[in-house]
Novice: 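Dropping a structure here in structure tokens format, bear with me for questions.
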2 protein chains.
Amino acid sequence: MTEIEPEESSTEEKIFEAAKDVFHRKGFDGARMQEIADKAKINKSMLHYYYRSKDKLFEKVYQLSLMRALPQIVSLLNKDLPLEEKIREFVREYLSVIKKNPEIPSFIIRELNTNPSRIQEFFRAQVAKRVQPFIDQVSEASEAGKIKDDLPPEQVIINIMSLVIFPFIGKPILQILFNIDDSAFDDFVDQRLEYLPDFVVEMTLKSDSDL
Amino acid sequence: MTEIEPEESSTEEKIFEAAKDVFHRKGFDGARMQEIADKAKINKSMLHYYYRSKDKLFEKVYQLSLMRALPQIVSLLNKDLPLEEKIREFVREYLSVIKKNPEIPSFIIRELNTNPSRIQEFFRAQVAKRVQPFIDQVSEASEAGKIKDDLPPEQVIINIMSLVIFPFIGKPILQILFNIDDSAFDDFVDQRLEYLPDFVVEMTLKSDSDL
DNA sequence: ATATTTTTTAACCAGATGGTTAAACCGTGC
DNA sequence: GCACGGTTTAACCATCTGGTTAAAAAATAT
């Protein structure tokens, strides 16, 4: 077997990149194998040669989308940091990572809502257990009375996720309501990167004056 | 013309209800005309008899989904109320309305992300202009220095929308992370209904001590 | 009762879609 | 040169999909 893949992307890679793009934009149901083939400039048969079926190809894309986005973020949640720092870092990290792949949140959530069975299990196995330490830490803080309004962990965590994730999902709404183009949206995200980490901490944890 | 429709729903209504259900769950691309027909227990030809095409049927469903959900909420945004009250009422109203139709946010956002062209225009025409007064009011408050951290209006409004809308979109994630079933999710929403209105106001506007 | 209009059914259709196959192509080692 | 492995192509296939049609059945009017 002769290996050594040089710079130029192989057919397999071209397919994968095209598939990623199409699946991200159209979702599983809306994606067409022919469109992926066209975009990769290869014969449709190659799709099945390298990835046996649409499902299999989708699975690869989905896994990598999750894996490319989440490890950095999630590894952070397992570190031994005080909650306040962890929240701040999480917000910062999430925004930074997703800024480079802004389609990922819509993609993941669309599929999770539209066709849960195909991906639920993978999500459960790969994400859920890694987030658990963070949930535990919030639970402790909650029991110790350190959370604003004494909210339970689910509420705290959903609030954080909402502020961090939603803007990417709601981008089209944002663009309609405020007449902003893609580059203005980037500025919008940069702005969030500046204020949101502290903002979320302040919103979540009791301040000194509350004690 | 003899009218008086009794309890039993007409074919047209049965189709519409079935279509609503299927489109909400699967999205436009994932929905099948045959599935809608089966669910409505009528012949597939009836779909085309009453609504000429899949697109037309979808449009009706989409319009009604938006219209059923939004008028109450949006009319509130045009009232002559102090910003603080308006935010409080908006949060309350949104949660109450969507609680009864929890699939609507995912549905609207999925289509807005997946196939913008089909609905963007309608959304722009029906929603954007009605929200404008609220945006203006926030802008004024922002200029008057009444907004926490002196955030610009886009940031303020997206933050509010995030906290209100995201939990419904992220329901599957929530269910995986916290192992909760549908009824526990309802409790979760009820809990939000209790604390979120005040919470959002406090997060958005400067408190007396900040002045 | 009969004519007319509306609603429903079943059979059908053209095009799209995911997938298969068999042959051609190409690089490498002999 | 030739054989051999992996790679690529074009033609093809079965099924699904949205949509049509013509005739039957029901309802309505005369």
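Every chain is numbered from 1 and lettered A, B, ... according to where its sequence line falls, protein lines coming before strand lines.
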Novice: Assert yes or no for the condition that the ring centre distance of A:Phe58 to A:Phe23 is strictly below 6.0 Å.
Specialist: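 Distance test on ring centres: under 6.0 Å, yes.
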Novice: Send over the distance from B:Ile36 CD1 to D:dG19 C1', rounded to a whole Å.
Specialist: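 Computing the B:Ile36:CD1 to D:dG19:C1' distance gives 14 Å.
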Novice: Calculate, to the nearest 0.5 Å, the distance between atoms OG and CD belonging to B:Ser142 and B:Gln137 respectively.
Specialist: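 Rounded to the nearest 0.5 Å, the OG-CD separation comes out at 13.0 Å.
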Novice: Mind calculating the distance between NZ (B:Lys26) and P (D:dT17) to the nearest angstrom?
Specialist: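 Whole-Å distance recorded here is 10 Å.
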Novice: Salt-bridged, B:Arg25 to B:Glu35, with N to O below 4.0 Å?
Specialist: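 Salt bridge flag = yes for B:Glu35 with B:Arg25.
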Novice: Which of residues 38-54 of chain B sit near DNA chain C, with a heavy atom under 4.0 Å from it?
Specialist: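 Only B:Asn43, B:Ser45, B:Met46, B:Tyr49, B:Tyr50 qualify.
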Novice: Hey, is A:Lys56 close enough to A:Glu59 for a salt bridge, meaning N to O under 4.0 Å?
Specialist: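 So A:Lys56 does not pair with A:Glu59 through a salt bridge.
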Novice: When the distance from CG of B:Leu57 to C1' of D:dT17 is rounded to whole Å, what number comes out?
Specialist: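 To the nearest whole Å, that distance equals 15 Å.
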Novice: Could you state the CZ-C1' distance from B:Phe58 to D:dG18, rounded to the nearest angstrom?
Specialist: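 Rounding to the nearest Å, CZ of B:Phe58 and C1' of D:dG18 are 16 Å apart.
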Novice: So, are B:Asp190 and B:Lys99 salt-bridged, with charged N and O less than 4.0 Å apart?
Specialist: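 Looking at B:Asp190 and B:Lys99, the cut-off is met.
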Novice: Parallel, tilted or perpendicular for B:Phe168 and B:Phe185, by the 30°/60° rule?
Specialist: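 Ring orientation, 0 to 90° scale: perpendicular.
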Novice: For A:Arg32 and C:dT17, give me the distance from atom CZ to atom P, rounded to whole Å.
Specialist: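 Answer to the nearest Å: 5 Å.
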Novice: Touch check for A:Ala37, heavy atoms < 4.0 angstrom, all strands: base, sugar-phosphate only, or nothing?
Specialist: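 The residue A:Ala37 makes no contact with any strand.
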Novice: What's the CG-P distance between B:Asp55 and D:dT17, to the nearest Å?
Specialist: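 In whole Å, D:dT17 P and B:Asp55 CG are 16 Å from each other.
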Novice: Send over the distance from A:Glu12 CD to D:dT8 C1', rounded to a whole Å.
Specialist: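 It works out to 14 Å between those atoms.
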Novice: For A:Gln34 and D:dC12, give me the distance from atom CD to atom C1', rounded to whole Å.
Specialist: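 After rounding, the reported distance stands at 14 Å.
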